[in-house]
Structure formats: C-alpha cells, structure tokens
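Every chain is numbered from 1 and lettered A, B, ... according to where its sequence line falls, protein lines coming before strand lines.
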Amino acid sequence: MAMTNRQVAAVLQEIGQLLDIHEENPYKVRAYERAAELVGMLDRPVATMGEDDLQAVPGIGKALAEKILAIAATGTCPERDRLLAATPSGLPALLALQGVGPKTVGRLWKVLGVEGIDDLEAAARNRRVRALKGFGPKKEQEILRAVEEARKGAERMTVAEAGLIAAAILAVLPGEARVAGSLRRGRSTVGDIDIVTSALPGPANRALRAIAESVVEEGEKKTSLRIRGRQADIRYARPGEEGAMLLYLTGSKAFNIRLREIARTQGMRLNEYGLTDMATGRISVYRTEEEVFAALGMAPVPPELREDRGEVECALRGDLPLLVDETDIRGDLHVHSDWSDGAMSLDAIAAAGEERGYEYVLVTDHSASLGIARGLDASRLQKQQEAIRRVNRTASCTLLSGVEVDILADGRLALPSTVLDDCDLVVASVHSAFRQDADTLTRRVIAAMEHEQVDIVGHPTGRLLGRRPATAIDMARVIDAAALTGTALEINASPVRMDLDDIYIRQAKEKGVKLAIGTDAHSSAELSHIGHGVALARRGWCSAGDVLNTCRRADLPGRCQ
DNA sequence: GCCGTTTTCGGCCCGACTGTTTTCAGTCG
C-alpha cells in the first residue's frame, strides 16, 4: 500500500493532534505539524525515498524519517497505533472547536468522560462543564456555540466571499486600513478576515459593532467579530507605525516564527509593534513592511510566498524570484460564450477583453456531450470559428478560437482531431466520471495530454470548493506527463475552483511545465477573477516566463500564428 | 522531535484577550 505524500502528511497531522491531546511537549507537536507540511511539499513520493534523503530535509530528523517511511509503506506506524489505542476516536475533532484546545480536551475527557462532540454537547447542556475548575457558565455557552458552528460545517470561504466581507469592513472603518491574513497571501480559500487599521479603536469599535452579528472580543488593540457567518479580526496600529503589524497579521504563522527567530539571532525581538534591541531595550517602529525586512537584512518577501517554504532563505541571500504580476497578463485563456453555457456574446467578450487591455482572449466553449447544455458539435464549432473571424475584423482584442473539449471516461476526446486542428488552442477537461480510481483517472487525463491537439489541461483536479472534492488524480504523474508532452496545466482562477493548488503549481514550474491562467468566465464580470489566478501562480513561485498568457499572441503555442 | 558562529543539552516567537481568577491559564493568531 504505497501512500501518496498527501496521505502521509495527513497521518503526521493526526499524530500531532493525538500528541497534543496527551499533553506531550508542544514542540514535539510542532515538529509533527511541520513534518506534515514538509512532506506535503516534496515533489518525490516519500515511498521512493530513503531515510537519508528524508533526513536531508531541514525539520526532519532520524525519528521522523523512520516514521514517515513506515507510514508510506504501511499506512501507519507503531507510535500512531499506540496513540490511537489510548484515545477515543472522537477526541481529535474537538480540537477544531473554537475556544477548545488540547488542555480542555484532555480535562473534558479525563474528568467528565467526554469522548466526542455529542458527549461534549450533552455535558455542556447538563451544566457539568462548569463544575470543572477554571470553567464557568460563559465557557459552557461558548462551547455550545462552538458545537453548533461545527455542526453547520463551517468551511473555509472562497476568496470572493472573503473579498466582499473585507470590503464591507473597510467601508465602515474610520481610517486607513489594509487587508492582511490569508486573503492577502492569495490562498485559494480563506479561514477568517484579518484587517490592520490605523483608525482610533473607540470610533472603530463602535462602527464595527453596527455591522457585526456579534462581537467575539473587543479591545483597544484588537477586536474580533462575527459578520455574515464569518469571523473577522481587526488589529489597531498607530498611524505611521503599521509596518510590523501588517507583517504580523499577514502571516503565515510559520513565516512569523521564522522571522522572529532571525531577529533573535541578531539580538533583536520582533513583535507586531516593531523590533526591540535586546541589549538596550529600545524599540524601533516602521511605517512599512519593507522597512522591517530591511532592518532584518532581508529582501522584502511578497505576501504570496510567506509560508516558510524556502522564501526566508532566499530573502536573506537576496535571490527571491521576480514573480509574475497581473500587469504581465496579455490575455485570458478560458472564457465561455453564449454559444454554450456562457452569458456573453462573442462581441461582448472582445469588448470585455479590450476593456481589460488584453491582446487576446481564448474562447473555450464546451464540446457537446452528456451533461453540459448546449455544447458545440463539430459543425457548430466551425460556425463559431467563422463568427470569431468576423468579430476579429473590427475588434482590437483578438478572439482566439478554442474549445474546452471533454475528456471522456476512457480518455478519448469528445471531438475528432480533425476538428480540433482548426482551433488555435485546445483546453481538455474532465467533466464526468469524477469518482474513477486514481490510476484510471490519471491514465485518462494523460491519454488526453498525449493528443497532439491538446494544449492545456483545464481545472486539473476538478474540485468545486465546498461542493465537490478533488478527484483522485495523481498530480505528480500528470506533471511529469505535462513536461514530457509539452502540455500546459491550467490555473483555473474561478473562486469556486482555484485549481491547481500552490504546491502543484510550484512542482510543475520546477519541471518546466507552463501554466495557463484562465478565469473560466461565464460573464464579463468574471474576467476580473484573473487576479486570483495570478495570486496562485505567485504562490507557486512563477515568474512571467512560466505563465503561458504572458506571451504575445504570436508566441503562443498551438496553432495561433 | 529538531537543532547547533553562544549550545550535542537546553533551548524552541510573541502578545492580546477572556473567564475565572486574586495573579493566571488557556486559546488564538
């Protein structure tokens, strides 16, 4: 049973949680969490690595390397089995409850016999929780509330939802404010909204109360509120001193820890207010993040890279990559028209592309097949190509003739290659039989990539955030096949897809695979989603040269000349 | 459990806020 790196990472994460519940050394817990992150990032399957290879990774030592290899081979390791035997299976889920940490879980279990979320709810309702030392009625209410939230299945939100909530908060804050947190780092989903403001806490808190569902906590330095079913954290900074606060609240947590360690090696202490010289006790404050980085002797790290994935070392050496920027993008490579399920006419697409300053937009309507309404068959695709030529006579933004052709369950394409030959570029995507096993699905997509006419694989994992999980596709194999066949992989910028994940983008880039950013727009407003895709590309360490749609039209692959 | 231009043992980021406290533990970011 060879496990994928993601599966191994999940097991390491689980061990970390179990150790946490058993009140093991917190640094040991962190070591497992870090190992999970590291394994998830490796571009080689750990099952094919030796103990020495693993130990060469900073953060993985002898003990973890042994366990990782055992997990990769058997799915588990003695340490995990021992912990599982000693822990009710419902306990790890309690750690996800807001306000409930490892200490609380341990005491609920040992003192009250709570073994899962149902037990906990019953205990809180029967007022047995308040009997614990250090607990009271309020804590009991907080627990019931957290249980209710968990039952609702509070998932991370899309960047679109997060953007709307952030905008609503920025609109009422009486002063300068900046978005921080994972939204600023460009993550594919967002847990909560983080905002730094130089507004005065008094007036700001009043304004926030007016738009909040409830106020979780409120202070002079920090306020947390519930808004539209989500949590938002607001931190107050003095005007002209926001640099360290923005850095802190942008995170990630792992990145902050690294930065603070670096400060210490230089005899300084970094917190959200500034840098303190530990010899003199003097604190220096900064207006911008760049000034903080400079004081630490580092190049400024773009928010999208701040995950402790090697960017800290690059910044210290001064060799961070120059990342692709939205202004580098010359066109959109995935747009639907009213010839299939989109809302825009071809003229409207050309006009929308022109408005965005694009050289080109690739029109990629669906091919005809089961499931998708109004897909194009060979004859309608030819008619569309004629219509595109007519639009191009007058439009300043060129429409490229493409298609999003279905990859059928057996790996064949839904349109014959003679028809695809007439397209400028072809996107091939899976839209059916999502539940095939990993090997079948991976072979199926690779078979499509081996078609000479296929230039781009659309939304490679097929996930719909909050609605449909990623398919079982083995991205490591797909990336290798993309390198071999010269096929690009799409970064689908639709907020409900955000498909690929950053680690796959980075692995693809490192193997010389090109990435094609497409919005999958079905309406003109959705063309603006390109920025989400650029953020993902940046998170994957992509420079302009790694992204297909930074090319001039004449330099695109396929049959665009 | 990891790691070493102070260390092979003793460290491991730092601060805000709440509830239940009478000086602080726990959680969170």
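Position along DNA chain B of the nearest nucleotide to A:K67 versus A:L249 favours A:K67 as the more 5'-ward residue. Toward the 5′ end of DNA chain B lies the nearest nucleotide of A:E261, the other residue of the pair A:E261 and A:D233 mapping further downstream.
By the neighbour-count criterion of 12 heavy atoms within 6.0 Å, atom CZ of A:R287 is sparsely surrounded, having that number or fewer from other residues, nucleotides or ligands. Remark: A:K110 NZ is packed, more than 12 non-hydrogen atoms of other residues, nucleotides or ligands lying under 6.0 Å away. Atom CD of A:E51 is surrounded by more than 12 heavy atoms from other residues, nucleotides or ligands within 6.0 Å. Counting non-hydrogen atoms of neighbouring residues, nucleotides and ligands closer than 6.0 angstrom, the CZ atom of A:R238 reaches no more than 12 such neighbours.
Nucleotide B:dG29 holds its P atom 6 Å from the CG atom of A:D192, rounded to whole Å. Distance A:I262 CD1 to B:dG4 P: 14 Å, rounded to the nearest Å. At whole-Å resolution of the value, CZ in A:R30 and C1' in B:dC3 are 12 Å apart. Between A:N271 atom CG and B:dC14 atom P there is a gap of 9 Å when expressed in whole angstrom units. As a whole-Å value, the separation of A:K221 NZ from B:dC17 P is 7 Å. Atoms CZ (A:R258) and C1' (B:dC12) sit 13 Å apart, rounded to a whole Å.
The side chain of A:K103 lies closest to B:dG26, out of B:dA16, B:dG26, B:dG19.
Comparing the same atom, P, in B:dA16 and in B:dT20 gives a spacing of 22 Å after rounding to whole Å. B:dG11 and B:dT18 have their P atoms separated by 33 Å, given to the nearest Å. Distance noted for atom P between B:dT21 and B:dG26: 13 Å (whole Å). B:dC17 sits 22 Å from B:dT23 when the P atoms are compared, rounded to a whole Å. Taking the P atoms as reference points, B:dC14 lies 25 Å from B:dC9, given to the whole Å. For B:dC13 and B:dC28, the C1' atoms lie 14 Å apart once the distance is rounded to whole Å. Atom C1' of B:dG15 sits at a distance of 24 Å from the matching atom of B:dG10, rounded to the whole Å. With both ends at atom C1', the span from B:dT7 to B:dC3 equals 10 Å, rounded to whole Å.
Checked by distance alone, A:Y248 brings a side-chain donor or acceptor within 3.5 Å of a matching partner on the base of B:dG29. For A:N25 against B:dG1, a side-chain N or O and a base N or O form a donor-acceptor pair under 3.5 Å.
Between the side chains of A:R156 and A:T189, at least one donor N or O lies within less than 3.5 Å of an accepting N or O.
Across all strands shown, A:T104 has heavy atoms under 4.0 Å from sugar-phosphate atoms exclusively, and none from any base. Nucleic acid contact class of A:I60 (heavy atoms, under 4.0 Å, all strands): sugar-phosphate only.
Listed here is the closest heavy atom pair of A:Y504 and A:I479: O-CD1, 3.7 Å.
The base-pairing partner of B:dC24, taking Watson-Crick or G-U wobble contacts with both distances under 3.5 Å, is B:dG19.
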